[in-house]
Amino acid sequence: MMSKTLLKFSIIALCFTLFNCKNKSASFTNYKYADKENILVCDNLDTKLYFEALLSFEDDITNKYNPQNKDLRRSYSFFTRDAIANRVNYQDIVSPHTMEVFEALKQDKYLWNADNSINYNADIFKCVSSNFKNKDLQTTFNALVSTNSMRPDLFGAPLIKHVKNAHDDRYMAAYIALDLFYARLFQVDPTTVTEKPETDKANTNKAVKGTPQNVILNSEKKG
């Protein structure tokens, strides 16, 4: 019969193993932003891959929506409104590196439900929502999750009011990246994703400039 001491150590070892399995980043080594300070701080959770996902996403949306000036604030405004309205062509935005990050995120069994939808009860979302700078937004998110009512279209209205601050509120930014971007990349064929030529980026910039931005700017002022 196993001694009490041996049993105790066995249980501790098992708990340690399970803890590490749950919190380690998926097997991913191609970190492009390893020199950046990881500002996603979550208790007992390895956020290195999530942070890589956030920065790669932000590069993609600035290259799409504001390639010349790299204005992250403006890019978040354009992208979030388009995503909530289902107007985003993810194929046109996503880069090969981001797809590589997504493939690693897909291995995170705690992040997804069986149907590949987002699991809002995952530890990363508990951390992200509890660190939203805007407490009203935090309350709304948690209320929707607690009643199993959380959907991007329902959360979209309050989110749009504060999205102008996503460049500063990194936890809100992480939510946007995971739910409005990565969760929708299942529809993208990774074999068709290529680096966007600089000429395409320039043309995108012209197209964005031609958009009635006063609508967005006025909306931001109201928020």
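FYI, the numbering just counts along the sequence from 1. Every value quoted in this text rests on a predicted model; they were computed, and no experiment measured them.
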Side chains of Leu180 and Phe79, heavy atoms from C-beta outward: is any pair under 4.5 Å? yes
Which of parallel (below 30°), tilted (30 to 60°) and perpendicular (above 60°) describes Phe141 and Phe125? parallel
How many angstroms lie between OG in Ser95 and CD in Glu100, if you round to the nearest 0.5 Å? 9.5 Å
Is a side-chain N or O of Arg87 found less than 3.5 angstrom from the main chain of Ala83, in a donor-acceptor match? no
Any side-chain heavy-atom pair from Lys106 and Phe186 closer than 4.5 angstrom? yes
Just wondering, do Lys64 and Phe78 contact through their side chains at under 4.5 Å, heavy atoms? no
Calculate, to the nearest 0.5 Å, the distance between atoms CG and CG belonging to Leu137 and Asp169 respectively. 8.0 Å
Using distance alone, with no hydrogens and no angle criterion, decide if Asn38 and Thr47 have a side-chain donor and acceptor under 3.5 Å apart. yes
Side-chain contact, heavy-atom cut-off 4.5 Å: Asp153 with Ile84? no
Hey, does the side chain of Thr62 reach the backbone of Asp59 with a donor-acceptor pair shorter than 3.5 angstrom? yes
Side-chain (Thr140) to main-chain (Gln138) donor-acceptor, under 3.5 angstrom: no
Could you go through the side-chain contact (heavy atoms from CB on, under 4.5 Å) check for Tyr76 and Ile176 one step at a time? CA-CA 9 Å; Tyr76 263 111; Ile176 294 171; 4.0 Å; yes
I'd like to know if the side chain of Asn113 and the backbone of Asn116 have a donor-acceptor N/O pair within less than 3.5 Å. no
Would you find a donor on one side and an acceptor on the other, under 3.5 Å apart, between the side chain of Asn63 and the backbone of Pro67? no
Do the side-chain N and O atoms of Tyr110 and Asn121 include a donor-acceptor pair separated by under 3.5 angstrom? no
In terms of heavy-atom contacts, Arg170 and Leu55 come closest through NH2-CD2, 4.0 Å
Please report the shortest heavy-atom distance between Arg151 and Tyr120, naming the atom on each side. CA-OH, 4.4 Å
Decide yes or no on side-chain contact (heavy atoms from CB on, under 4.5 Å) for Arg81 and Val163, but give the supporting numbers first. CA-CA 9 Å; Arg81 286 172 172 80; Val163 70; 3.7 Å; yes
Answer yes or no: is there a donor N or O on one side and an acceptor on the other, between the side chain of Thr147 and the main chain of Leu144, under 3.5 Å? yes
Measure up the Tyr90 and Phe181 rings against each other and bin them: parallel (under 30°), tilted (30 to 60°), perpendicular (over 60°). tilted
Distance col, row Asn119:CG vs Asp123:CG, nearest 0.5 angstrom, shows 9.0 Å
If you take all heavy atoms of Ser149 and Leu154, which pair is closest and at what distance? O-CD1, 3.1 Å
Begin from the C-alpha positions of Asp168 and Lys133 and carry the test salt bridge (Lys or Arg N to Asp or Glu O under 4.0 Å) through to its verdict. CA-CA 9 Å; Asp168 180 55; Lys133 288 187 176 182; 3.0 Å; yes
Quick one: pull up CG in Leu49 and CG in Leu40 and give me the separation to the nearest 0.5 Å. 11.0 Å
Let me see the working for Leu159 and Met172 under side-chain contact (heavy atoms from CB on, under 4.5 Å), right down to the final yes or no. CA-CA 9 Å; Leu159 177 65; Met172 189 205 317; 3.9 Å; yes
Is the side chain of Tyr171 donor-acceptor paired with the backbone N or O of Val41 at a distance under 3.5 Å, no angle test? yes
Run the numbers on Tyr50 and Tyr182 for ring pair (Phe, Tyr, Trp, His ring centres under 6.0 Å), then give the verdict. CA-CA 11 Å; Tyr50 298 125; Tyr182 285 98; 9.7 Å; no
Which of these passes side chain to side chain donor-acceptor pair (under 3.5 Å) with Tyr65: Asp82, Asp71, Asp60? Asp82
With a cut-off of under 6.0 Å to the ring centre and 45° to the axis, is Lys48 in cation-pi contact with Tyr31? yes
Going through the distances and angles, do Phe102 and Thr98 end up as a side-chain contact (heavy atoms from CB on, under 4.5 Å)? CA-CA 6 Å; Phe102 175 56; Thr98 298; 5.5 Å; no
Under 3.5 Å, is there a donor-acceptor pair between the side chain of Gln187 and the main chain of Arg184? yes
Checking Trp112 side chain against Leu105 main chain: does a donor-acceptor pair fall under 3.5 Å? yes
Return yes if a side-chain donor-acceptor contact under 3.5 Å exists between His97 and Glu52, otherwise no. yes
Asp179 side chain to Tyr175 main-chain N or O, any donor-acceptor pair under 3.5 Å? no
Closest approach of Ala174 to Val128 (non-hydrogen atoms, all atoms of both residues): CB-CG2, 4.1 Å
Which heavy atom of Leu111 sits nearest a heavy atom of Ala122, and at what distance? CA-CB, 4.2 Å
Minimum heavy-atom distance between Asn142 and Ser129, given as atom pair plus value: OD1-OG, 3.2 Å
Can you label the angle between the Phe155 ring and the Phe132 ring as parallel, tilted or perpendicular, going by 30° and 60°? parallel
Side-chain heavy atoms of Pro96 within contact of Glu195, under 4.5 Å: yes
Is a side-chain donor-acceptor pair under 3.5 Å present for Thr192 with Gln91? yes
